[in-house]
Structure formats: structure tokens, C-alpha cells
Amino acid sequence: MAKRTNPRSPASHAADSHDLIRVHGARENNLKDVSIEIPKRRLTVFTGVSGSGKSSLVFDTIAAESKRLINETYSTFVQGFMPNMARPEVDVLDGLTTAITVDQQRMGGDPRSTVGTATDANAMLRILFSRLGKPAIGPPSAYSFNTATVRASGGITVDRGAAKTKTVKATFNRVGGMCTRCEGRGNVSDIDLTQLYDDSKSISEGAFTIPGWKSDNVWTVGLYAESGFLDPNKPIRRFTKKEMQDFLYREPTKVKVNGVNLTYEGLIPKIQKSFLSKDKEAMQPHIRAFVERAVTFTTCPECDGTRLSEGARSSKIKRKSIADACFMEIRDLAEWVRGLDEPSVAPLLTALRQTLDSFVEIGLGYLSLDRASGTLSGGEAQRVKMIRHLGSSLTDVTYVFDEPTAGLHPHDIERMNNLLCKLRDKGNTVLVVEHKPEVIAIADHVVDLGPGAGSAGGTVCFEGTVEGLRKSDTVTGRHLGDRAAVKDEVRAPAGALEIRGATANNLRGVDVDIPLGVLAVVTGVAGSGKSSLVHGSMPSDAGVVSVDQSPIRGSRRSNPATYTGLLDPIRKAFAKANDVKPALFSANSEGACPTCNGAGVIYSDLVIMAGEATTCEDCEGKRFDASVLEYRLGGRDISEVLAMSVSEAEEFFGEGEARTPAAHKILERLVDVGLGYLTIGQPLTTLSGGERQRLKLATHMGDKGGVYILDEPTTGLHLADVEQLLGLLDRLVDSGKSVIVVEHHQAVMAHADWIIDLGPGAGHDGGKVVFEGTPAELVAARSTLTGEHLAEYVGA
């Protein structure tokens, strides 16, 4: 039989011509008509200084348009249930494929969300125990700590055609695994009543010590004083048993106070609803401090922190309950699952093994499935999100990563690089926003944005190979080979912070003295116990100011001026200069433009289509009422001041008619952390991750504590910015502060006065101090993984 020949060879097929993602005229955020061509089925790394426009190009333009186009393939009915997405500011976007973004957004802080529930591993375990667990207690829901047991019975009305109804007796029964005491949270809260009121005083004398509860507030203090249930002139400690019950625990009851209908309820449930139901990180600092003082969380005594009912804990497979399985480190759990051999659930066991093995492969074998997802670092959260993609059979997909090596020890970066290459080699396009030289080195294609940040960035400085980048005269090219040297002389400590018998999480009774008055770095592989030591074991009276990686919460109305408190002295300066109220100079208060309510734009909800935001015609985007803009300070109105960069504003408020020391001091701190290019009125939602962390650092630099703890401050920082950060850390130490940094970056380690290295591994293989000493001693000893990598870095 004659062999068939293809008239067109595969190389000349028309489909093969679509091998580029073409971007022309991108203008999102600070991008300045960016036009680039990105090769498909290759690994492309986007780099540049923090704020240069990397995320604007990769996430807000390429990935956003891909998602928008996919959403448009669904029916309008389905689109009504999906988030509306506006088309990015770009002229042409061609050659897009389905985009899967794996960012560093922290997982939800919901106390019910765990590593197991976030990855479906918990769901598979529940099915496994419902099939094989002895004694059998019910369906998979019986093993779920998020499902309560419900029983109900009664009559229901059933329609039987026109005007015919019938009452039928029905029962409903659902078996859940939730612990009834803690409601599936694993801990119970206890409120310290002494932090709520002074029982030696009466309500009318101002007994309440709760923030915002002033005697003239009819909704709080006035409600208790006039409710009729209590004597407002009697000291609280003299309340009768009934009065105390009404005061603390009374169920919601309608009352009339000064002719107004209000709802009275006991103080404890009111505090729980007002404070404990909200995200602590979103609270104002003084409110958060009150909650931390007044509320203590202890492990639930009924379920011992497992969140599960007694029935769920009694059902076992090979002497292990589902609580035991979730408590195990995932690498140990994977071995246990491998030992199960039951043909009736073979497909389930195969899927569960693959998921658990993916955790180990990605370097998260030290986690447990019952770990609260809100406690994961940004890097851990990103790798957990990667797990569902590792075993995927999809190809020709665009994977978009945001600094996948964040929070990784140099020892772990090679493993992450292998995973990125594996995704590419399956025929996918991999786009990575990254600063680490180790990741840039494996790129097939590099796009360098800059040259500066903010308005000084937004252009493509280089596009090509890694070797071409090294030879280029860009900021990244010049700093790609940077290596910090180990100090010849280190500072002498001025005391020590003693930690004794630390056992938080995986720590094994650690005793360590952290030197004060110096730059101390705590390092070790991911999961070795660094955060447990520094955040979980610090003495409560140490006067610590902690700057962690939790995200800044803020709406499009929030900006650096509002977040740092800078707007308060600016408003007061304007008010004093013009003899009017400070509230006039707030776009969220009396000074707001009445047309757009101080937003500067008018939002039009188009239901199934993406909403439109148009500049307000009355205020022209300035956000303030026209009458407010007539008031001036130093020749500028309030909108012109908010449009200044931090550097301009520092100069403006530093001298002359506009001299305002309080504002100048805050602006100096912002310049110190390298944010001089930011506009002080720029929405927080437009800031990159690195910019947000430095903004938080600048805010905390005004705190009075003598010990600063910084959690991976190099996250999101370009190689050129790390040098500036080291200078800032030196200035903090030289001003008399003690600085403790949890960090993996070798430049910070080399610059330290003292290093504490934890390990030797992660999880139960870690939790020990494996080295204490100077960087030079660590390099000379090469006794740990950190020592080996640091020695290689400094060329020793």
C-alpha cells in the first residue's frame, strides 16, 4: 500500500504561525504605550525595579484580557453571576491563550479555611473515611468540621394543582462533624471583662473603657443608661444578679430611648458582633490593640483543637481518625495513604496520593492539612495554589506567576525552577514576574521594564536573552551580577532578648539569645520554624514593633496619605491657613464633590457587561467641591497637593509658608524606604506588593518600640532596591533600634551583624538552632545549607 504524504509539511502549517503574544499600545497604570512580542511555549521573565510596571503589563493587561475574553464566551445569564471585567487600556492584544494566574494574594483569613479545604485534599479524605472508617458514622458530611448536625421535623404544604394543597409531615436529618462547643473553629474566645469597663464606676460616671464608647453616644452608652434594665447611677460591681445578667447577656430586646426605637442586647454579644466578627487586620490600630487586650483565644477543651465532633474522631482507618490524618505532616500522610490497599476506593486513593505527592514535590511536605490557610506566608499560599495545576493535562495554557520564589530559601529555589520548566516543557507559555537572579537565569526570554518606578517607569528597557540582559546598560543588567560582601567588622550587641523553651509549632524547646542593638537575621529553609520563633515565641514585654507580610487593606479611596496618617496634619495646616474646618479638606467628608461623592469618577453598572468609570465632569477628577479648591496653602490647593510625589511634598512641607513639621516627618520616612516617586494621593489598589510592604514599614518607623521585627522585607524588591533597604536597616540600628529580620536573601545575610540559622530541615526535621554567630563564621564553617549557599554567593 502506497504511503500517504501530507501536501503541507507540519512546519509550514498556518496554525504554526501563531507563536507570539503581541501587545501593542498598553497604557494600564503607568505603562507608556508599551509594545512587545512574547514567544509562546517559552519561559519569559519580567523584571525591573519595584513599581516599574511589571504587574500592570502581565497581570492587569495580558492575564486580565484573557480572562475577560473567556468570560464573554459564556451566555449572558452565566455572565450575570461572574465578576465584571473592563477591557484593559491597550490598542492590540493578539495571540492570547487561556491564562491561569497564580499570585501571592493571601488565602482568606476565614478561621474555617485550612490547607486541606483549600486544595480538596480534605474532601477526598472525608469520602475515604465515610467508605472505610470503623465504626461507620455516616456520609462524608459526618467528617466535616464545617457542617453541623441538623435535625428537624414538621408539616410542609405541598401544592396539588389549582387551589389544592396538602399538608405532609416531613423530617430532615443531616449528620455533620462540627464540634458544637467551638463551632468548628478549634478554639474558643474568652473576653476579659476588666478591659470593657471599670466596675467601681457607674455607667453615668463613664465606666466603659471600650474605644469609641463615649458618654454622649446614644447608640452605645446612652442605650445602656436609658434602657430601663439597669440603674445608670449604681456602680457596676453593686448590680444585682438579674441586672448583671441583663447587662452582660440579655437577648436582643426592643426598647425606646428618648422616643427612638432601639435594640438592646447584652454587652458580651454586642462586643462579639461589633469586634470579633471582623477581620482583625482591617481594624484601626487602636481598635486592634483593644481586641488583643480584651480577648484571649484558647484551644477548645471539648475537641482539643481538632474542630471535629466526638463521633468523627471515633471513626478510624488503621487506628487513625480523620483528625489524626489532618494533623500529620503531609509527607507522612502521603506514606500512610500509600499503605492503604482497598480496591473499592482505588480511584479515590490514586487521586489523593497524587495531590499529597504534589505537596511534597513543591516543597510543602512539612505542612499539615489542618493548618489554617490564613497563617500561610505569601510564598506558601502561592505554592498551594500551584498544586492543582501540577498534574493537569492541559497544554497550550498561559501560566502567570508573581514572584514564585518569595519566601523560599536558596536551597528551595532550584526545585521551583524545575517546576516552572516542567510546566513550560508540557507546551505551556509561562510568564513570571521575578527579581531573583537564579530565576532570571533560566528564562528563554527576558523583558526588563523601567528605567525607574512610577511615572519614571512604564517603558521596555530591554527585550531578549539573559546574556543580552547582562551586557545591556539597564538597571537590572548592571545589578544582575551584584554580590554583597561579608562585613569585616560587626557591631557589638548592647544586650540580648532571651527566648527560653520555645515550643510553638515545630520548635523543640529552643533556647536562644537574640542580640540587641545590632542587625540580627533569622534564616533557615521554608518551614524550619523562623516565624514560630520570632513571632510566636517573643516575650510579651519585649516592646516589639512587628512589620509582617499581611496585606494592606484599603479601598480605591485609600491612598498613602490616608494610610500613613499624613492627611491629618495636611488638613489641619490648610484649615489653619484659611480659618475653616479641617473636614473640608477630606474627599471622604464635607469637602467631597457632591456629584461623585469624592471618588473623582462616576461608576456606571452595566449589569452583565463590565462597569464603566468616567471622570466626574463637575470636579474633573479632583474629588473636591469647587469652593474647597479656592482655599490655598503655599499657593497650592488640596487637590494639587495630593497630586504631588512624595519627594515634591517633602520639599513643599519642609520650608516656606507651607512648612508643616508633622507632615514633613512622615514624608521623610516614605523617602527613606524608597517611595519618593509615589503620588501621595495615589489609590492603594494601584500599588505593587513591594510598595505596599515598604509603605507599611514607613508607617511603623514612627512607632516607639525599640525592637523592630521585619518579615522578609526584600519581597518584591529589585536587586537595585535591596542596596537601599540595607542602608535603611543600618540607619535604624545606628539610631539606637534593634532590628531582627526574617530573611532568605543572601545580601541581607551577608550584611548582618549576627545570624541565627534554624533547621536542619522543615517541619519535624526542623525546629532547632543549627548555627549562631557572625556571617563570616557561617561562611567559614559551611556547616548548614544556609552556610553553603551564602559561601557560594560571596565567592568564598
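Note that the coordinates shown come from a computational prediction; the quantities given were computed from them, not determined experimentally.
With 3.5 Å as the limit, one finds a donor-acceptor pair spanning the side chains of Ser204 and Asn233. For the residue pair Asn588 / Ser586, no side-chain donor-acceptor distance below 3.5 Å is found, with atom types taken as modelled. Side-chain atoms of Ser144 and Asn146 include no donor-acceptor pair closer than 3.5 Å.
For the pair Phe585 and Asp637, the minimum side-chain heavy-atom distance is 4.5 Å or more. Ile680 is not listed as a side-chain neighbour of Asn559, based on a closest heavy-atom distance of 4.5 Å or more. For the pair Leu717 and Arg694, the minimum side-chain heavy-atom distance is below 4.5 Å.
When all heavy atoms are compared, the tightest approach of Leu230 to Pro232 is O-CD, 3.3 Å. Scanning all heavy atoms of the two residues, the minimum distance from Leu684 to Pro560 falls at CD2-N, 3.9 Å. Taking both residues in full, the closest heavy atoms of Pro713 and Val741 are given as CD-CG1, 3.6 Å, listed atom of the first, atom of the second, then distance. Nearest approach of Lys530 to Val522, heavy atoms of both residues: CD-O, 3.9 Å. Leu697 and Leu710 make their closest contact through CD1-CD2, 3.6 Å (heavy atoms, listed as atom of the first residue, atom of the second, distance).
Lys622 contributes atom NZ, which lies 11.5 Å from atom SG of Cys593 (distance to the nearest 0.5 angstrom). Considering OG1 of Thr564 and CG of Leu667, their distance stands at 7.5 Å, rounded to 0.5 Å. With values rounded to the nearest 0.5 angstrom, Ile709 atom CD1 is found 8.0 Å from Leu497 atom CG.
By the side-chain hydrogen bond (donor to acceptor under 3.5 Å, both in side chains) test, Asp246 is found to be paired with Lys242, Arg250, residues two or more places apart in sequence or in another chain being considered. Under the rule for a ring-ring contact (aromatic ring centres under 6.0 Å, His included), the partners of Tyr197 that lie at least two apart in sequence or sit in another chain are Phe247. Asp198 pairs by the side-chain hydrogen bond (donor to acceptor under 3.5 Å, both in side chains) definition with Ser200, not counting sequence neighbours. The side-chain hydrogen bond (donor to acceptor under 3.5 Å, both in side chains) test applied to Lys254 returns Thr263, not counting sequence neighbours.
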Distance-only donor-acceptor pairs under 3.5 Å for side chains of residues 569-576, two or more places apart:
{"residue": "Arg571", "atom": "NH2", "partner": "Asp568", "partner atom": "OD1", "Å": "2.5"}

Less than 3.5 Å apart, which donor and acceptor atoms pair up between the side chains of residues 668-675 and the rest of the protein, not counting sequence neighbours?
{"residue": "Arg669", "atom": "NE", "partner": "Ala698", "partner atom": "O", "Å": "3.2"}

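Panel note: side chain Thr523, backbone Glu743; a donor-acceptor pair is recorded below 3.5 Å.
Aromatic rings of Tyr224 and Tyr264 (six-membered ring for Trp) have centroids within the 6.0 Å cut-off, being under it.
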